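Everything quoted here is computed from the prediction, not taken from an experiment. Whatever order the structure lists them in is the order used to number ligands and atoms, beginning at 1.
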Amino acid sequence: MRVILPDSSELELPEGATGLDAAAAIGPKLAEEAVLVRSNGRVQDLRLPLEDGQQIQILTTRDNDDPDALAVLRHSAAHLLAEAVRRLYPGVKIAIGPPIENGFYYDFEFPEPIGEDALDRIEEEIRRELTEGRSWERRQISRDEARQRFEDEGEDYKVELVDTAEGDISLYTQGDFTDLCRGPHLQNSAPIKAIKLTGLAGAYWRGDEQKTQLTRIYGTAFFNEADLKDYLERLEDAKRRDHRRLGVQLDLFHLSEHAPGMPIWHPKGMVIWNGLEDLRRRENAKRGYVEVKTPLLYDVETWITSGHWEKFRDNMFLVPYGEERTLGMKPMNCPGHMLLFGSALRSYRELPLRYAEASTLHRNELAGTLHGLLRVQHVTQDDAHIFVTPEQIEEEIFASLDYAKFLYDLFGMDARFELSTRPDNKLGTDEEWDFTEEALRAALERRELPYELNPGEGAFYGPKIDLHMSDVLGRSWQMGTIQLDSQMPKRFGLTYMGADNVEHTPYVIHRALLGSLERFIGILIEHYGGAFPVWLAPVQVRIVPVGEGHREAAHALAEKLGGFRVEVDERDETVGKRIRDAEVEKIPYTVVYGDRESDQALAVRERGGGQSTRSLDDLVAELSANL
Ligand SMILES: [Zn+2]
Ligand SMILES: [Zn+2]
């Protein structure tokens, strides 16, 4: 039989040859370094037979930043972890141990709870295994045999996994440890050059709160030490930037069990919030949007009409109303804007009509998924609905992309765009979709934005462009979305009078560019590590009077800087302590005011930088330039 290699050349192999056989046929070094076969995006264990005509790519230990190669390495490391834990803690039961982004975990039921301090000991045991060396052996067995085997071992979770597994059952063995596993795995442990256990957490069996709580041990592994070191440094940086930690440290917001997933904003956090609101209002006005305000609650009939009742009902908070009616709190603004459009006779001359509203939305999320500002139940989007004729679609999508690019550039974030096209359950005809998808594609190309294509991932009512951005740590975040919709206007019976004197149904573009303000601020906090640019900084200047006698002059100076956000720190602390606090609070400018200072000569310290003397006029000019 023949397989096809990445350079399109063909490789002749005996019938039933495996990925490893293919590697060996190319060269002994490749066979030694091989970790995985990839075939049209699917991964396959080296030990499994290839098929005639199969396209294959053999990944090796040198593919040290390939996600699939890393996943195999880390999944194999998870098995080493389970082996170590079983040896150190007799009576422990093992559950599952998959690779995840940046690492792996394994879930255990320990006879006695363990603490963080146990991780060192377990890690040492894994190192011992690595020094001894392990190789993996794969075996396919019957369901009954597998069931019996794990029953005999008292591994209840594995028994349950055998019972619910689909397809063939395979086991992987290394040393004296055997796990139920689909694979793929490394040939042996030699490629695992760096490993680290990174943490401990509780996790319910199968993610179900009604089931046993297990102990999850997290770890990561790499093909070399340098990659691990890089990763740990990035992790430390991410911890320092964690918006939940900085949110408290900088006095921006807090979350309370009194209102789950609904942030309570402090005065300093509101400065940032309002900064974004001002930006939104100003730029919307420039771009021809009109501001509207629509209700928070609508009766169920409205939600049935909009389609949310069918698709989004589980995420809606409901409120009883009178004897027989129920109102639903809006998870999105669309219905209000549809009702507004439909409240008058519309002409083509009014289009495009751009309704903007940053209203409060509520979404009922599963408790376990809430996370700081990044996943909340109280959501405020920089939302808008643009009603257009078919001819206006491309231009309006283009303008929205342009607007999005402007916003992301403002924050120094790299934007990435994804175009999602017709799904299987689409409404409307193929001709309609050809037209709308082409309009979105044309807008992306005209704006010269590179984009990824997600075939079949569009909404059932229309294609969409999702906006992602990468922060300073290279992490990718889904932000806004631009969705074209031909269905909701129809459902609400909306029309406009065309130039041809015939009524037409408008298209609507749903778009939010920053996404939710809550989430966006969470990301901004991490992106800037709390050191906001001057225009967003809650306090722009802090004045530190050296002694009691300088307080009056400090306040006089604050008054002269009245157009900015200025504070005077007159606590009875040393000057050094007060300067340090200003640094911890990441205030852009700190002015120390003592005997030698005057409007002509101020001692100005810049955040993270040195101190210099400049005049009040110069300071004002510099502040103004940064607004
Ligand atoms: Zn496995
Ligand atoms: Zn909408």
His510 atom (N/O/S) at minimal separation from the Zn ion (ligand 2):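 The closest N, O or S atom of His510 to the Zn ion (ligand 2) is ND1.
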Pi-cation contact, Phe222 with Arg74 (under 6.0 Å, within 45°):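 Yes, Arg74 and Phe222 form such a contact.
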Six-ring centre of Tyr172, Arg47 cation under 6.0 angstrom, axis tolerance 45°: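 No, Arg47 does not sit over the ring of Tyr172.
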Contact check: Cys334 to the Zn ion (ligand 2), N/O/S below 2.8 Å: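 Looking at Cys334, which is the residue asked about, there is an N, O or S atom under 2.8 Å from the Zn ion (ligand 2).
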Vertex the Zn ion (ligand 1), rays to SG in Cys181 and NE2 in His185 - rounded to 10°: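 It rounds to 100°.
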Angle in degrees, rounded to 10°, that NE2 of His79 and NE2 of His75 form at the Zn ion (ligand 1):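 About 120°, to the nearest ten degrees.
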Geometric class of the His79/His75 ring pair [parallel <30°, tilted 30-60°, perpendicular >60°]: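 Ring orientation of His75 relative to His79: perpendicular.
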Asn188 side-chain N/O to Ala190 backbone N/O, donor-acceptor pair under 3.5 Å: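 Yes, because the side chain of Asn188 sits within donor-acceptor range (under 3.5 Å) of the backbone of Ala190.
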